[in-house]
Amino acid sequence: MTAIGKPLDRVDGNVKTTGAAKFAAEHFYPGLTHAALVHSTVSRGRITTLHTDKARAVPGVITVLTHLNAPALKPAPKPRLLNLALWFSGTSVNYLQSDEVHWVGEPIAVVIAETSAAAREAAALVHAEYSVVNSVVDFAAAEEDAQPQPNNPIFPRGAKKGDAEAALAAAPVTLDLRYTTPPHNHNALELHATTAVWDGDRLTVHDATQSIDWFRTHLALRFGIPMTNVRVLAPFVGGAFGGKFAMWPGTVLAALAARAIGRPVRLVLSREAVYRTVGGRTPSIQRVALGADRAGKLTALVHTSITRTGRVGGYSEPVTSQSQHLYAAENILVRHDVVQLDLLPNTFMRAPGEAIGTFALESAIDELACELGIDPIELRLRNEPAVNPIDGKKKFSHRMLYEAYTLGAERFGWYERNPEPRSMRDGRWLVGMGVATAYHPALTLPANVTVRLSADGSVLVRCGFQEMGMGAATVQAQIAADALGVPFEAVRVEYGDSALPMGPTAGGSPQTASVGASVVQACEELKRSLKTMARKTGGEGYEAILRRANVPHVEARVGSETRLGRIAGRARFLVPFGRDNQRWVRAASGVQFCEVRVDAETGETRVSRWVGVFDIGRVINPKTAASQMRGGIVMGLGLALAEETLIDPRTGRIMNPSLAEYHVPVHADIPPIDVSFLDDPDPTMPLGIIGGGEVSVTGVGAAVANAVHHATGKRVRDLPITLDKLL
């Protein structure tokens, strides 16, 4: 291999750094108009009156769409097993089709104007009167109303082995702990934006989406047109992290507005509008109870969670999923409960479930280590399972936590620390070190690909996958180059367009493995075609074969875009997925080492050092992979120390919908981050790739909390770890 494994620069680096890359809000069409949303101010009720006269009088305003005059929309589609897109519709609300209001911030009108300034000015002048209905918006108060989440093949409600509660009661050493995490909101650098254009009954949408094909499916259903009549383009997306995974109101309403006025419409959400109309991470209440003998052998592990969904959508986060697989406890109970609230539905946020679940589990393991007087790494390794703990049967397709801990401890200098809390100091700073395990499941999705080899030796790879800043096009070019034995520079990749062969969504870390598997398959088919042509023409070498065959290029395709072909493709994915799920536990894993410094007088906490070692199978490009790992760790530091969506428990209104009040890490908050990979292929995954987009967020919250405890002697079980909790 000459390209795979090399730290090559990203192929889209030049167009992004020079400003040539066009994002969703940067496409111009003749007659382009601008839209702005008007948001509800109550959490549940009906609109009795909408005052729009002042808005319509603003110069440049074309119209104000409300439930009284908006074009008809089809209802939001219901989930079906073979159409995963329908599981992720954002909400079930049929926007601007009735007077009903379901959450504070729901769009109740769309202002369309000649300029964005006029649209925003007019939107602020729309006033609504409501008939208010009692609502439930306080998550903490609703805890006792939690019910077991609905069970389905994608999000099971839990699992058990033995009698964990009885084993807990009988254990020589026990801990029974409560952890909480707050709601979080998405703050991608690029705001959610849509440019929508109709040409008769054909719709073109430029959107900041990480699910191109799924958006096309949804829009076709909502507007009652064939899927072939919808084209979604997203060649560049300025960050997504799950927030641009589902279909939110802005995209649908931009297309609705364009249909209503017969002109192109651009709708760019304000930062506040993102908070009001795009779901974020659910809060959680978690119980972790551990029982062990005096040597640290786990006899009981209980991990339960309560999360929330909206009454009109959302999904139950798999908060306890990692607790089924990480430790060889003799008895295990994991369970997900959920409450429905009259709030904007929650959605995916990088490493959903595991990001907050590992905070609780890995903090509890650290607490048990302190209780037993055992080194936290040693305690983890004493409970390292040989097979999947929950069933005692399935094998791990790839598990190298021992190697990761060994390498990480050496790079970090773990064993040089004094293990006693509050024992290390540097001037006014209390110094602490913490460690935690990282874990995220691996999967693959269907991907259609074409690969074309031209007579000049150039290669074109075509697939409608997403590029959100992680270097997706670069790694696929590397894979194709090695599969065909051509220079990396000879490969060009087309992506980000639903007119291309169907690509997988960029959510759950499957994209590189999924597309890469199809690229390799297409390359193999292409080489077989070349061998056949060579036998007929007597040519040797790509150029000679094509020249003697008198053709400009040869092409191979994986997958079908017909309706039957797409259904068959999903079935081909689901059948082996279900079969393999019975044989293997597949996951990316790693270890997080953290050093913090806490001001003994003020409680100010600074992360001063970080080492992460990850097992993500084969690493296609160590430069782009390390960048993803660092980005995930930074996001995890926000979760640990700063991020918290504040919701008024009386009204359900988000009170800090801006970066002035919702705190995220800045450069001054982040230390140098040392990232290493074991780079050992998983034999059961395409090209040995496990997927690394999300695992680096997991374990970060616990590593910080454990380091803070080591520094101060204080155990913080409620995120974020702010200075008031340390004083």
Side-chain angles (χ1 to χ4, degrees), residues 35-53 55-56 62-79 86-112 119 122-137 192 194 196 198 203 215 218-225 246-261 265 267 269 273 275-279 309-314 340-347 651-654:
L37 301 180
V38 178
H39 305 278
S40 72
T41 56
V42 301
S43 59
R44 194 176 182 190
R46 292 190 177 274
I47 301 168
T48 57
T49 309
L50 260 175
H51 301 280
T52 63
D53 290 348
R56 294 177 188 275
I62 299 168
T63 190
V64 179
L65 293 180
T66 72
H67 67 282
L68 300 173
N69 64 347
L73 270 177
K74 301 287 186 182
K78 296 186 183 301
L86 307 187
W87 285 98
F88 310 125
S89 295
T91 80
S92 61
V93 173
N94 211 8
Y95 310 115
L96 301 192
Q97 304 297 298
S98 80
D99 60 0
E100 193 172 0
V101 172
H102 307 87
W103 78 86
V104 173
E106 178 183 341
I108 58 172
V110 180
V111 176
I112 310 166
L125 297 175
V126 176
H127 174 66
E129 297 178 24
Y130 306 91
S131 172
V132 178
V133 176
N134 287 336
S135 59
V136 181
V137 296
H192 289 244
T194 305
W198 286 90
L203 172 63
F215 267 44
H218 188 104
L219 289 168
L221 290 168
R222 297 304 294 273
F223 288 98
I225 58 178
M247 177 68 73
W248 298 106
T251 300
V252 177
L253 291 174
L256 187 72
R259 171 173 269 191
I261 67 169
V265 169
L267 194 159
L269 298 186
Y275 284 70
R276 303 284 182 223
T277 64
V278 175
T309 62
R311 207 173 299 278
V312 290
Q340 278 193 342
L341 302 182
D342 297 298
L343 298 173
L344 171 64
N346 62 297
T347 194
T651 66
R653 184 176 178 83
I654 294 175

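Just so it is clear, the structure is predicted and the values come from calculations on it, not from any experiment.
Applying the side chain to side chain contact (heavy atoms under 4.5 Å, CB included) criterion to R276, with sequence neighbours excluded, gives H39, E272, R653, I654, P657.
Pairing each heavy atom of I112 with each of A257, the nearest pair is CD1-CB, 3.4 Å. When every heavy atom of P249 is checked against every heavy atom of T277, the shortest pair comes out as CD-O, 3.3 Å. Taking each heavy atom of N346 and G310 in turn, the nearest pair found is OD1-N, 4.2 Å. Considering every non-hydrogen atom in both N69 and R56, the closest pair reads ND2-NH2, 3.8 Å. Minimum interatomic distance between R259 and I225 (heavy atoms only, all atoms of both residues): NH2-CG2, 4.0 Å. In terms of heavy-atom proximity, P345 sits nearest to G314 at CB-N, 3.4 Å.
Contact annotation: the side chain of V64 never approaches that of V38 to less than 4.5 Å [non-hydrogen atoms, C-beta and beyond]. Looking at T347 and W248, their side chains come closer than 4.5 Å, going by heavy atoms from C-beta outward. Residues R44 and R311 form a side-chain contact, since some pair of their non-hydrogen atoms from C-beta on lies under 4.5 Å apart. Between F215 and T251 there is a side-chain heavy-atom pair separated by less than 4.5 Å. The shortest side-chain heavy-atom distance between L73 and R222 falls under the 4.5 Å cut-off.
Q97 places a side-chain N or O within donor-acceptor distance of the main-chain N or O of Y95, the cut-off being under 3.5 Å. The backbone N or O of L68 sits less than 3.5 Å from a side-chain atom of T66, completing a donor-acceptor pair. Remark: the backbone N or O of A255 is paired with a side-chain donor or acceptor of W198 at under 3.5 angstrom. The main-chain N or O of W103 is found under 3.5 Å from a side-chain atom of S40 such that the two form a donor-acceptor pair. A donor-acceptor contact shorter than 3.5 Å links the side chain of T48 to the backbone of E129.
Within the model, atoms OG1 of T309 and CG of L341 stand 7.5 Å from one another, a figure rounded to the nearest 0.5 Å. Here the CG atom belonging to N94 is positioned 10.5 Å from the NZ atom belonging to K74, to the nearest 0.5 angstrom. If you take CG on L267 and CG on L256, they are separated by 11.0 Å, rounding to the nearest 0.5 Å. The distance from atom CG of L96 to atom CG of L37, rounded to the nearest 0.5 Å, is 9.0 Å. The line from OG of S98 to CD1 of I108 is 11.5 Å long, rounded to the nearest 0.5 Å. Note that CG of L343 and OG1 of T651 are 9.5 Å apart. Values are rounded to the nearest 0.5 Å.
In this model, no donor atom of one side chain and acceptor atom of the other lie less than 3.5 Å apart for H67 and E100.
The side-chain contact (heavy atoms from CB on, under 4.5 Å) test with H102 singles out one residue from V312, D342, L344, and that residue is V312.
Between H51 and H127, the ring planes are parallel. Angles under 30° get that label, and only those over 60° would be called perpendicular.
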